[in-house]
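Read through the structure below, which is laid out as structure tokens, and then see the notes.
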Amino acid sequence: MDLHFTEADEAFRIEIRTWLEGNLVDEFAALKGRGHLGDMDGVIPGRRRWEQRMVEAGWTCVGWPRAHGGRGLSLLQEVIFNEEYARARAPGRLGHIGEGLLGPTLMAFGTPEQQARFLPRIVDGTELWCQGYSEPNAGSDLANVKCRAEPDGDDYRLTGQKVWTSLAQDSDWCFVLARTSTEAKRHHGITCFLIPMDADGINVVPIKQITGGTEFCEVFFDGALAKGEHIIGEVGGGWRVAMGTLAFERGASTLGQQLNFQTELDEIIQAAKHNGTAADPVIRQRIADVYIRLRIMRLNALRTLTGHDDGTPPRAAMITKLYWASWHRDLGELAMDVLGADCMVLPESGELSELQRLFLWTRSDTIYAGTNQIQRNIIGERALGLPR
Amino acid sequence: MDLHFTEADEAFRIEIRTWLEGNLVDEFAALKGRGHLGDMDGVIPGRRRWEQRMVEAGWTCVGWPRAHGGRGLSLLQEVIFNEEYARARAPGRLGHIGEGLLGPTLMAFGTPEQQARFLPRIVDGTELWCQGYSEPNAGSDLANVKCRAEPDGDDYRLTGQKVWTSLAQDSDWCFVLARTSTEAKRHHGITCFLIPMDADGINVVPIKQITGGTEFCEVFFDGALAKGEHIIGEVGGGWRVAMGTLAFERGASTLGQQLNFQTELDEIIQAAKHNGTAADPVIRQRIADVYIRLRIMRLNALRTLTGHDDGTPPRAAMITKLYWASWHRDLGELAMDVLGADCMVLPESGELSELQRLFLWTRSDTIYAGTNQIQRNIIGERALGLPR
Amino acid sequence: MRFAPTDEQEQLQEAARGWLSEAPNPSWNRLITEQGWPAIAIDEDCGGFGFGFVELALVSEEIGRVLAPIPLLASAGLAAGAIQTGGSVTQKKSLLGAISQGTRAALAYEGPLTATRCANGWHLNGTALRVIDGANAKFLIIATDQGLFHVTDFQASPTASIDPTRELATCTLDCTVPEDARLPQGDLEKALMRGWVLQAAEAVGAAEACLDMAVAYAKVRTQFGKPIGSFQAIKHKCSDLFLLVESARSATWYAAWALDAEAEDAVLAARTAVSYANDALFKCAADSIQIHGGIGFTWEHRCHEYFRRARADQQLLGHPRAHRAAIAHHLLGAI
Amino acid sequence: MRFAPTDEQEQLQEAARGWLSEAPNPSWNRLITEQGWPAIAIDEDCGGFGFGFVELALVSEEIGRVLAPIPLLASAGLAAGAIQTGGSVTQKKSLLGAISQGTRAALAYEGPLTATRCANGWHLNGTALRVIDGANAKFLIIATDQGLFHVTDFQASPTASIDPTRELATCTLDCTVPEDARLPQGDLEKALMRGWVLQAAEAVGAAEACLDMAVAYAKVRTQFGKPIGSFQAIKHKCSDLFLLVESARSATWYAAWALDAEAEDAVLAARTAVSYANDALFKCAADSIQIHGGIGFTWEHRCHEYFRRARADQQLLGHPRAHRAAIAHHLLGAI
């Protein structure tokens, strides 16, 4: 057991911290705290320019191998990067789906040609990605994908509907699961396609959410052309690809979020001190409780970095999503209880306050990317070996 | 909506209250508060004498029709009877299984001969009954009964094991589910037998519980003789009989228990006042919460009395067991939290204190007579129509 | 003993449900013309229908069920309640008569509001927050350090709330009123308890709507080849909500009856009902979103409207915690 | 960075587990002879093994797992901790040396205990409640208004507890001790935090045992023709317990490491660990009974022993609520 960071790691921390301090200024200062969950569709033009600033300094795809244009950082350094990024309140990354999901998927399942075509443009920020996996009837049950891909020469025509696609309005490309065979069993006959979002026959409709924001979209395909050369993995092998992507989704990308959460908790503590509820014994217990659970969230995350010798994370890593989603929901409820009667009054602007948005938005945390119920199935079956 | 009791009802309340006050004296005064759940095997001899006193005054089987030797009380008067019985802290009834379960089952499914043979001896307290339904592998899943009944002339020989049988040591008769056919489907092939507990081949083994008490027993049958004339309903029709009994179990018999619960809550409130935790805002919230929920428990129970025109209770009645079991468990936890550090220290006697016993015993409340999980299945499927 | 609506009461409730299903967002004028609900619990000699709060609560259940933006709670509950329990005969005739006819009224009590004796009667001053329907009210009942007053001279500006189905306002007063503007027997708690009962009733209706939506969805939404309602995670959640809804209903029906019957424990019953029902509504609204999954947190689905109502209502007329604190005071004495 | 036991630490833990599975209820003498655990975290120059609290915590996990009645927490944790952080060089050599060799010691702090200067040194007086292993201890460390003292002259009578696996005693003092019986740097919190870490570690082991029992039972117990672990009501309960156990483990391992590394947040880490782990154990023990159904509340099944331990331990060395109150004080200042 040794939880010290090395001197090299600490030096790296200073490096990224210093860079962020020096660059989150002028027009970028206004981006602080923006573009995160619940606000992912906010301040897009500014965040595009910020991505370019990141590219220039080599801060995109820091965890990718050098061979693919990354920095080849260790997992721990990636954590440090994410922590400092969050601590600086730097804006939500526009390129995170390409960097965190599609890139690793391509490295694992793509051809050298596909890697050469797509990876550099994720690194240089010139192509943004969105993900087309979920459908209205394939939420928890991804194997139920209905979107059809019909052959057209060497290529395919996609027809169907995707939903909960973040940033679809602003993306250049989408990776899509579609059914290439209706005869095969549910898990078979699914194929993973890459398709440009400006193809004919693609229509994006934003979904207005509980907060009034629209970061998720529906994407309608009506015979849109996906090239055969842009299939990831085998035709009919999309299930395996999708499972790979989901594993990346649960990976290191969340490792900085505790710092964002800490910022939110700090705001609640300030509010409690300001309005006197900090003296309320019931509120004090609850603030201490969320603080304790946040500390442990970080420790759990650090623990996942020390995996087994074969590189797999410890089975305790499976609790990550259930843990943070439930915690964040509780934080939202606490925020309102700290505000008391003020919690229901909108600010002068008529828009939700940050804490009101937190409260409403966090109801979705326990739903997207695997509901709490699905997470408990996964833990029960995979970590504990309970029967289906 | 009219929640007034009639003058006749109020007069009846005075009658039973006066009788209890006048009779729970001398040797019977020591029985107050004894013989209830968690202590059902306590002070048996005294409670036998108390049953006889009740018989003499005509206070047994008060809800039964006059034709069967009861008082023919209305459901509301039965409630009043149970409330006053509980308010007086009168001891747990030794005859409650015969009076509340077997009697109604016989009235519904028994022959006139069976009714004439058995009902009068429940009314006059000369025969005590126990119930042999549950088995080690047929707890929630009653259809899984394995106890075998093999024909022996007109009669049957029972072989197998029953469990969680209250008062088996002290009962004269037992009503038992046993399998008369192994070929039939699970629900079929079960038959309901009445068998005297002094028959050869019956062995009773008390089960020591979490509290150290032994009110439940295992009952082993090894070729014990049950007469064919003592089969309730059809051979192979035991499932229907059992479902009928379970419906009685969830019926009016629990309608006085709120008063027992109130007594327990009063003791906790006294303890809180005594040790100063009554000034603790967190404890105050929790005491108010259990008080509110207890008030509502009584209102829920009263509401079940106003059923539909066809005599069936409202579907809201299905929450009864889940509601009180969960509440009682919470009360046990609150009791410990009020006691604080004292909660772990045994009294001088070395026996559990009343509140410690409450705390431990209530862990079983959410299990026996249908676990909370089974109750939620029943509510979901029968009250809400959700699919199996 | 009959712990259920009478046939007549049931008909009233069903009629309200039917009317609201056709007119979920009726104008106040239409409500007055076609239904006249504000008159339900007002005595006939004051121009009302002469029923009680049981009837008003049953109608409120239906208002809550569809989150109809009908401020019956403000005029028929709080304002009328203040006058019924505190007003002089003259005040009752005139003010309750007006409410019966459809004049909108509201109760302002979250001050500070002060009353000072002056030559011409009383000078009233101050600002009240979160007055339900304050911006539409023709008159206010205000709670001051010197008791309750009715007043028509005030300024109101709407308060934007996370719950758009319940209009709130900030009301400012600086006026002089004659002596007879004071309610001689005015008692804020007696007014509030009428509000609590109706608020509880609305919460019962709203909570049941959340449960009904969730159950209906769980029956038709399939995942893994089965309706999600067959999975215990969903089924048991629904069962727990059913327990909450039915218990809140028992508490609320009793509180309404206790009010009409002037039962000794009427205040306790009202606090019991409103604290339990509002917490039940919160749980039902939150879990309904969860059961609905993705569509549960879209703007188009009504789930979030119930959720917003649920949280806002926990702050209206006293948080459940405050009611529990009052009940603890009753059980345990002061701290 | 390695947030997991080293190979050596893992071997120590596995050896402890193996030994305890053969000797779940060992005599103290056998423990000392065969394992010498009290010496683990004591410096070599005081006769110890020179490891740290990480190692002691890993062994404590195993003690907790089988509820072994081994009071390592009392002597190696609390008493040794008090001496390690507060004793003079001489005191360390003699007292820690004795503990290393197997002398039993305990910490008495729930007084009132008073120390008064007198001609020959200090007069110590008072009664301490719930002293872990107090009746078997050869010497006590006591916390008085004048600091910490070590004392051998005391009377102890056992306290019967709902948790028979943890021996408690009431200790009474009325004696005079020389000046050098006082620990010059004595600091009760520093002693207690060592106890908190070991208590948390025991809770992690015990909680995991509850989970493991429940999971194993859920795999073999069938109802309705299926293992009950296939029902979400049971499966999801187990998953929630797994989350608690693993989180408690993260918190506890960190707290032990922070203690050894003298990290700035060591006290906070210890309070975090013990409050979370004790509440987690309670939930695991309670739900394990529920999952076991009928046999879960029989005397013969160990479920109830864990449940008794769980509730008793919430009161030992500070209730989780008290730890949270202390953390709130850190975050929010005094009330």
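Because the structure is a prediction, the values reported are computed rather than measured. Chain naming here is simple, since letters A, B, ... match the order of the sequence lines and numbering starts at 1 in each.
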Atom pair CD/CG of B/Q270 and C/L332 - distance to nearest 0.5 Å
9.5 Å

Mind checking which of residues 241-255 of chain C sit less than 4.5 Å from chain B, heavy atom to heavy atom?
C/F242, C/L243, C/E246, C/S247, C/R249, C/S250, C/A251, C/W253, C/Y254

Please look at C/H323 and chain B and tell me whether the side chain, the backbone, both or neither of the residue comes under 4.5 angstrom of a heavy atom of that chain.
neither

When the ring planes of B/Y291 and C/H330 are compared, do they come out parallel, tilted or perpendicular, using 30° and 60° as the limits?
tilted

Any chance you could lay out the side-chain contact (heavy atoms from CB on, under 4.5 Å) test for C/Q232 and B/N377, step after step, and finish with the verdict?
CA-CA 7 Å; C/Q232 285 185 335; B/N377 275 349; 3.4 Å; yes

Could you look at C/A326 and say if it's the side chain, the backbone, both or neither that has a heavy atom under 4.5 Å from chain B?
neither

If you count heavy-atom pairs under 4.5 Å between each of C/H329, C/H236, C/R324 and chain B, which one has the most?
C/H236

Heavy-atom closest pair (B/A288 atom, C/I327 atom, distance to 0.1 Å) is CB-CG2, 4.1 Å

Interface moiety of B/A278 toward chain C, non-hydrogen atoms closer than 4.5 Å:
both

Mind checking the CD1-OG spacing from B/I292 to C/S275? Nearest 0.5 Å is all I need.
3.5 Å

Please look at C/V215 and chain B and tell me whether the side chain, the backbone, both or neither of the residue comes under 4.5 angstrom of a heavy atom of that chain.
both

Strictly distance-based, threshold 3.5 Å: is any side-chain N or O of C/S239 a donor or acceptor partner for the main-chain N or O of B/I379?
no

Stepwise side-chain contact (heavy atoms from CB on, under 4.5 Å) check, B/R284 with C/I335
CA-CA 9 Å; B/R284 289 171 79 85; C/I335 294 192; 3.5 Å; yes

What part of B/L76 gets within 4.5 angstrom of chain C, counting heavy atoms only: side chain, backbone, both, or neither?
side chain

So do the side chains of B/M1 and C/D260 get within less than 4.5 Å of each other, counting heavy atoms only?
no

Within 6.0 Å of NZ in B/K273, more than 12 heavy atoms from elsewhere:
yes

Does any heavy atom of chain C fall under 4.5 Å from the side chain of B/R293, the backbone, both, or neither of them?
side chain

For the CZ atom of C/R321 and the CD atom of B/Q285, what is their distance to the nearest 0.5 Å?
5.0 Å

Considering residues at least two apart in sequence or located in another chain, which fulfil the side-chain contact (heavy atoms from CB on, under 4.5 Å) criterion with C/D240?
B/L322, B/R376

To the nearest 0.5 Å, what is the distance between CG on C/L331 and CD1 on B/I268?
12.0 Å

State, yes or no, whether a side-chain contact exists between B/R295 and C/L268 at a heavy-atom distance under 4.5 Å.
yes

Taking every non-hydrogen atom, the tightest pair across B/P387 and C/K235:
O-NZ, 3.0 Å

C/F3 versus B/L299: any side-chain heavy-atom pair under 4.5 Å?
yes

